[in-house]
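Taking it in order: structure first as structure tokens, then the write-up.
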Amino acid sequence: MAAKAIEVNNLTFSYPDTDEPVLKDINFSINHGEILGIIGPTGAGKSTLAMCVNGLVPQVINGEMEGTVKVNGSEVSESSVAKMSEDVGFVFQEPENQLSQMTIEEEVAFGMGNLGVPRDDMRVRITDALEQVGLTGFEKRSPLALSGGQQQRLAIAAVLAMRPSIMIMDEPTSMLDPKGKNEVYDVLKNLKDYGMTGIIIDHEVERIAAYCDKVLVLYEGEVQMFAPSEEVFTNIKKMHELTLNAPQVTEFLSSYNQAFGKDVKLSTTLEEAVDNFESVCK
Amino acid sequence: MEPYISVKNVSHKYPNGVTAIKDINLDIHEGEVVAILGSNGSGKTTLVKHFNGLLKPTKGEITVGTMNTKKERISKLSSRVGYVFQNPNHQTFLPSVKQELAYGCKNLKMTEEDIETRVQKAIDLFRLEDRLDDNPFDLNSSQRKEVAMASIMAVSPKVIVLDEPTTGQDHKGCKRVLELVRMFQREGHIVVLITHDMHLIGELNCRTVVMNQSEKIADDHASVVFSDKGIMEEAGLQPPQITQFANQITNLDEMKTYLTVESIIEWMKANKEEDVKVGTGS
Ligand SMILES: Nc1ncnc2c1ncn2[C@@H]1O[C@H](COP(=O)(O)OP(=O)(O)OP(=O)(O)O)[C@@H](O)[C@H]1O
Ligand SMILES: Nc1ncnc2c1ncn2[C@@H]1O[C@H](COP(=O)(O)OP(=O)(O)O)[C@@H](O)[C@H]1O
Ligand SMILES: [Mg+2]
Ligand SMILES: [Mg+2]
């Protein structure tokens, strides 16, 4: 059987200065070509978990780790962070921390340089990546002379240009306008069509529900749910218990059923919600 | 009534030659809550940084109260206008949360007793008891943003400008921001709020200014703006999912724009319209 894209077994992790582990016995796996959404309240451990997948935790950000993380079948702890970055692209939660160069094109070139991408190829990839995030024409500008959302777009472009086979994005759309948010998810979907794998952390559940194959719900360091998106988001009671919300259409159908004693099937995307509502309420 | 903030024919050109806002006119009155929407790079942050004098118009004039922002010092303006940065890394913080919370009040030479009460109120609202001795730089960006909001709340200036307050906040955090804005409004503040969070605007249903490519292209009630397809498309905006859902259902009041889940349920209860039909159009 082919190796999973990502496989996490009995993962427990503590930062040096904390008594309680921030990740507790985490188990999950995803196949090549799947997109996983990770949701959970602030402080649940989402970023820490994501950084375990590319080895940043515990190799660069120290702490005590138990259990195993495998990417494409090999143990992450056995390869260096530099080696990992060939396969696993990582968009950080705070884009500014990722930016270091004088111009936007140098910024996009930077990660590729570390991978040893030839010059000519770089040109093409820079143009390509900037186009995907809507920053064509900004090549010579300083990353500091960008708006917040434009910086976030740049951070994504820099990772896209490295063409990783696994893409991990930690709240990549938090500062993007609605169109930009859609574009990021479309990028993920495109990657999926090429058999690539993605993990996205986000608080806005509507898009997670529409684009992700599976969802992992993290709460105080524990996996509370790990299932197909539909299954996770229709479990409204549990979502609310965990202080989370479901997509607005799911919340509506649930409230509607409750208020009027009906039994419309809960759905998690706009189109399906309209269809379900129609079929029952005519 | 005289507007409290008056923006007259204002343009701003950054030193690198980028014109970020063009010929903006905008009046804001006592007690108003005004949202500013628009795509990344459309000029929202540039515009609001003029209100407390962080930026000066390169053309046109702004008055706040009776002060011309070109002629006043930032320290004077900031007693009237509090600004929570989009990127809390750009805000300088003192070494502890406790000191940070008192800083603004101390600058305004309030009495110790007064400061104590105000700071305590902010601590309670943001549940910061356990973090008072933390260094703000050890907090993550959404927590830092909460500290920034709390310290402005302690000062309680006439005008409160929040630049993307729900960025990086979880569901609970977003609800807290919403309550905070409502509280500011009840207490008679002017609130200016930049956001890409359409749910937040749906809940607030407030006056909404739309920026696009450095210009103001709309200024109306959120429900009016959200039902104006031309404006929404031009500015790359999308109404909340529940509004899109409601638009596809007939038997709701067609003249109404529904911005929240509750508003539909309430309307149905009032009109006994639980057996709603789905429209063929839109
Ligand atoms: N310090 C700066 N120097 C030069 N140009 C800048 C600077 N900051 C922003 N700009 C440019 O000014 C324009 C408006 O930027 P602004 O930050 O006001 O946008 P915004 O509407 O707040 O966007 P976002 O939603 O991404 O925060 C953009 O074209 C941006 O690239
Ligand atoms: N570098 C660090 N050192 C110590 N504690 C940390 C560090 N980074 C995060 N934490 C703590 O670990 C927990 C999980 O954090 P994080 O993974 O950032 O959660 P999330 O991404 O879900 O908001 C939090 O309690 C946070 O304060
Ligand atoms: Mg995080
Ligand atoms: Mg901005």
Side-chain angles (χ1 to χ4, degrees), chain A residues 39-44 47 93-97 134 138 141-142 145-153 171 173-182 203-206 239 242-245 247-249 251-252 254-256 258-262 269-271 273-275 277-282, chain B residues 14-16 18 20 37-46 86-87 89-90 140-143 163-164 166-175 196-199 202 232 235-246 248-249 251 260-262 264-266 268-269 274-279:
Chain A
I39 61 171
T42 302
S47 299
Q93 187 166 351
E94 295 185 32
E96 226 190 17
N97 299 349
F138 286 72
R141 220 195 263 184
S142 155
L146 287 181
S147 75
Q150 290 168 337
Q151 283 183 345
Q152 196 161 35
R153 288 162 182 259
E171 302 191 27
T173 71
S174 60
M175 282 186 281
L176 297 192
D177 55 52
K179 202 161 147 245
K181 289 185 212 257
N182 290 341
H203 291 295
E204 277 191 47
V205 288
E206 278 90 10
M239 293 292 288
L242 300 173
T243 70
L244 301 171
N245 63 331
Q248 282 190 314
V249 290
E251 296 279 351
F252 169 77
S254 162
S255 301
Y256 174 82
Q258 219 168 23
F260 301 111
K262 301 275 168 147
T269 61
L270 179 60
E271 297 73 26
V274 171
D275 287 349
F277 198 69
E278 177 182 39
S279 65
V280 175
C281 305
K282 55 170 162 277
Chain B
Y14 282 106
N16 68 350
V18 174
L37 309 186
S39 55
N40 294 132
S42 58
K44 306 179 296 295
T45 298
T46 305
Q86 173 170 5
N87 185 335
N89 297 343
H90 294 172
N140 67 32
S141 68
S142 62
Q143 292 168 330
D163 198 342
E164 300 195 21
T166 59
T167 293
Q169 301 278 356
D170 58 15
H171 182 55
K172 230 163 109 184
C174 292
K175 286 211 292 213
H196 296 295
D197 182 349
M198 300 300 140
H199 295 180
M232 295 298 278
L237 294 171
Q238 262 185 344
Q241 189 186 46
I242 197 64
T243 305
Q244 300 174 43
F245 178 80
Q248 298 185 41
I249 295 174
N251 281 24
T260 62
V261 170
E262 294 72 32
I264 304 184
I265 300 280
E266 271 163 32
M268 286 177 167
K269 278 183 178 160
E274 64 266 36
D275 293 320
V276 170
K277 292 197 187 69
V278 170

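Because the structure is predicted, anything quoted here is derived from the model rather than measured.
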Between A:Leu176 and chain B, with a heavy-atom cut-off of 4.5 Å, which part of the residue counts as in contact: side chain, backbone, both or neither?
both

Aromatic rings B:Phe245 and A:Phe252: how do their planes relate, parallel, tilted or perpendicular, breaks at 30° and 60°?
tilted

Picking from A:Ala273, A:Ala145, A:Ser47, which has the most non-hydrogen pairs under 4.5 angstrom with chain B?
A:Ala273

Would you mind telling me which of B:Ala246, B:Pro15, B:Gly41 has the largest number of heavy-atom pairs within less than 4.5 Å of chain A?
B:Gly41

Between B:Gln241 and chain A, which part of the residue has a heavy atom less than 4.5 Å away: side chain, backbone, both or neither?
both

Quick one: what part of A:Ser174 sits under 4.5 Å from any heavy atom of chain B, side chain, backbone, both or neither?
both

Could you tell me which portion of B:Gln238 (side chain, backbone, both or neither) has an atom closer than 4.5 angstrom to a non-hydrogen atom of chain A?
both

Quick one: CD1 on A:Ile39 to NE2 on B:His171, what's the gap to the nearest 0.5 Å?
11.0 Å

At a heavy-atom separation under 4.5 Å, does B:Gln169 approach chain A through its side chain, its backbone, both, or neither?
backbone

If you round to the nearest 0.5 Å, how far is OG of A:Ser142 from CG of B:Asn16?
8.5 Å

What heavy-atom pair brings B:Lys269 and A:Ala259 nearest, and what distance separates the two atoms?
CE-CB, 3.8 Å

Where is the tightest heavy-atom contact between B:Ser142 and A:Thr42, given as atom of each residue plus distance?
OG-CG2, 3.9 Å

So with a 6.0 Å cut-off around CD of A:Gln258, is the heavy-atom count from everything else above 12?
no

Under 4.5 Å heavy-atom distance to chain B, tell me which part of A:Gln150 shows up: side chain, backbone, both or neither.
both

Say you draw a straight line from CG of A:Asp177 to NZ of B:Lys44; how long is it, rounded to the nearest 0.5 Å?
7.0 Å

Calculate, to the nearest 0.5 Å, the distance between atoms CG and CD belonging to B:Asp197 and A:Glu204 respectively.
6.0 Å

Portion of A:Glu96 that has a non-hydrogen atom of chain B nearer than 4.5 angstrom:
side chain

4.5 Å side-chain heavy-atom contact, B:Gln248 and A:Leu270:
yes

Mind checking whether B:Met198 and A:Gln248 have side chains closer than 4.5 Å, heavy atoms only?
no

Do the side chains of A:Val274 and B:Ile249 get nearer than 4.5 Å, heavy atoms only?
no

Nearest 0.5 Å please: distance from the CD atom of A:Glu171 over to the CG atom of B:Asp170.
9.0 Å

N/O donor-acceptor pair under 3.5 Å between B:Asn40 side chain and A:Met175 backbone:
yes

Side-chain contact, heavy-atom cut-off 4.5 Å: B:Thr166 with A:His203?
no

Side chain / backbone / both / neither for A:Asn182 at chain B, heavy atoms under 4.5 Å:
side chain

